[in-house]
Number of protein chains: 2
Amino acid sequence: MSTVLSSANIDPQSDNLDTEAQPNGRDGGRAKATDIREAIEQEILTGLRKPGAKLDEKGIADRFAVSRTPVREALQQLATAGLIELIPHRGAFVRSVSIRELIEMFEVMAELEGMAGRLAARRVDADMLAVLQKRMVACRTAAESQDPDAYYHENERFHRAIYEACGNAFLEGEAKRLHQRLQAFRRLQLRVPKRIDQSLAEHETIVEAIDARDEAGCEQVLRNHILIQGERFADFVALLDEPATGTAGS
Amino acid sequence: MSTVLSSANIDPQSDNLDTEAQPNGRDGGRAKATDIREAIEQEILTGLRKPGAKLDEKGIADRFAVSRTPVREALQQLATAGLIELIPHRGAFVRSVSIRELIEMFEVMAELEGMAGRLAARRVDADMLAVLQKRMVACRTAAESQDPDAYYHENERFHRAIYEACGNAFLEGEAKRLHQRLQAFRRLQLRVPKRIDQSLAEHETIVEAIDARDEAGCEQVLRNHILIQGERFADFVALLDEPATGTAGS
DNA sequence: GTCAACAGGATTGTATACAATTTCTATGAG
DNA sequence: CTCATAGAAATTGTATACAATCCTGTTGAC
């Protein structure tokens, strides 16, 4: 199975992660299946629930003060989305993402992003271009503030703007889905010192290419923009390797 | 909402499509949630269940001789996969695919296929190449038999072989998923008279490109190979237009 | 001391019961 | 005759109960 990121068996993780982890706002809207799905999804993507960790139905049900029924529906959805694995009669487990699979995902992401950029360069109108430029400026501001989290956020919005500009709603959906799936890793990746400056420079090049209606150029830059993240990330994990690695047995 | 393919309101479709439509084989293995999902999925993809048609929980449950619980789980999965739409307190409906969305999906499919071809040309080994050639020959045999269904089947296997040869398991999964999603439309598309011959010729070009390790060439041919299907299909529906079109209001 | 077999407990999968919401139908006003 | 409204029937969403399966700890044979 090769190396795996971020092990489970660190903490039994009693599944009542927090007593305060109530759904949305006060109990105004009782937790529906969708709320539960989103909550757990977020916990997985942010790394709160570690790969390999088991998701206890009863525990989650108790935490949200509902029965197991809506919890199971949420788990079904998460399984179809590929975030967890549902083993019959054994339970639900956060899927372990191997380095290999992660690189593969970045490879596909790069292709989709490149495609979105190419289409955006072909189809963008004045309004959309203005939005993109605005998002890019926001990225620059965030970068200057030297706050990785702020940049992370603006970077997110910038890329989503590109998806939206591509004029292909289906592609937009697929790209957002995969983007979200990778978000936890992308975040880590931005810690690398000079990466933010480089990322920002690439953003500028991307917007210029779209402005110039340079389809091939935009595709190329955008694709590399993502691929670099994948490679950098691979380097990153190759460096630590031991610490948080190896789920079952290294 | 623009034009939509294949309307629902043709037949109440009493949801007991068939009394004989029992699950797998005899009742040896009782119908689990997965079986139900696959059965319904197939019914949707083959066009048996038409876009907009409602999926009655109780009806399906009765048909498979189970309670509503596993049926609901199956529906959840299908909703996440994008095949049906789950409207709260209203029920599950087969998603209507607009022509626009369909073209968008073909556009993405073309990109993924092109990518798979490019990677296959880069990474293929002797064994995989042999498999591809074998699949291609099988396509030729089927084409010569003038049997659209036979060709459809072999065509399916040929494309899956390319996905498997690309060396990116994640891409392979995504491509197969989308491919399956489009299978119903692809099938229709092959009815066009000379399309099979042309498709076969393209297959031969693709294998040659992979054999020659011509990444760019293979990507190009494969991408067009899919895009043509999308365009042809758009032409196709534009032709009929009226007959089986328009779900809510034209 | 090690390993296999078995019983008990715990957890998942399914069925049934009930609550919440929507849709259909009938009634009556305008 | 049309439309709005109220109530009944049907359907979805959730909770609870039960069945099937798996995990754990103990016992006993070798």
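Given the structure is predicted, the values throughout are model-derived calculations rather than measurements. Note on naming: letters A, B, ... go to the chains in the order of the sequence lines (proteins, then strands), and numbering restarts at 1 for each one.
Residues from residues 83-93 of chain B with heavy atoms under 4.0 angstrom of DNA chain D, sorted by number: B/P88, B/H89, B/R90, B/G91. Non-hydrogen atoms lying under 4.0 Å from DNA chain C are contributed by nothing in residues 72-82 of chain B.
Between A/Y163 and A/H179, the angle of the ring planes goes over 60°, which puts this pair in the perpendicular group of the 30/60° scheme.
Between B/T69 and C/dT14 there is no side-chain N or O to OP1 or OP2 distance below 4.0 Å. Phosphate contact (OP1/OP2 of C/dT12, side-chain N/O of A/K54, threshold under 4.0 Å): present.
Counting heavy atoms from C-beta on, the side chains of A/L112 and B/L112 come closer than 4.5 Å. You'll find the side chain of B/M115 reaches within 4.5 Å of the side chain of B/L119, heavy atoms only.
The interatomic distance linking B/D35 (CG) with C/dG13 (P) rounds to 14 Å, in whole Å. Between the NZ atom of B/K58 and the P atom of C/dT16 there is a distance of 11 Å, given to the nearest Å. Straight-line distance from the CG atom of A/D56 to the C1' atom of D/dC23: 14 Å, rounded to whole Å. Per the geometry, CD belonging to A/E57 stands 11 Å off P belonging to C/dT14, to the nearest Å. In this structure, B/L55 places its CG atom 10 Å from P of D/dT12, rounding to the nearest Å. If you take CZ of A/R68 and C1' of D/dT14, they are 13 Å apart, rounded to a whole angstrom.
Tested against B/Q76, the residues A/R72, A/R37, A/Q76, A/E73 include a single side-chain hydrogen bond (donor to acceptor under 3.5 Å, both in side chains) partner, A/E73.
In this structure, a donor-acceptor pair under 3.5 Å is absent between the side chains of B/D149 and B/H153.
Expressed to the nearest 0.5 Å, how far CE of A/M105 lies from CG of A/L182 amounts to 4.5 Å.
Sorted by first and then second residue, the pairs that involve residues 74-96 of chain B and meet salt bridge (Lys or Arg N to Asp or Glu O under 4.0 Å), not counting sequence neighbours, are B/R95-B/E101.
Heavy-atom minimum distance, B/L132 versus B/A165: CD1-CB, 4.4 Å. Considering all non-hydrogen atoms of both residues, B/S67 and B/V71 come closest at O-CG2, 3.7 Å.
Among C/dT14, D/dT14, D/dG13, the nucleotide with an atom closest to any side-chain atom of A/A33 is D/dT14.
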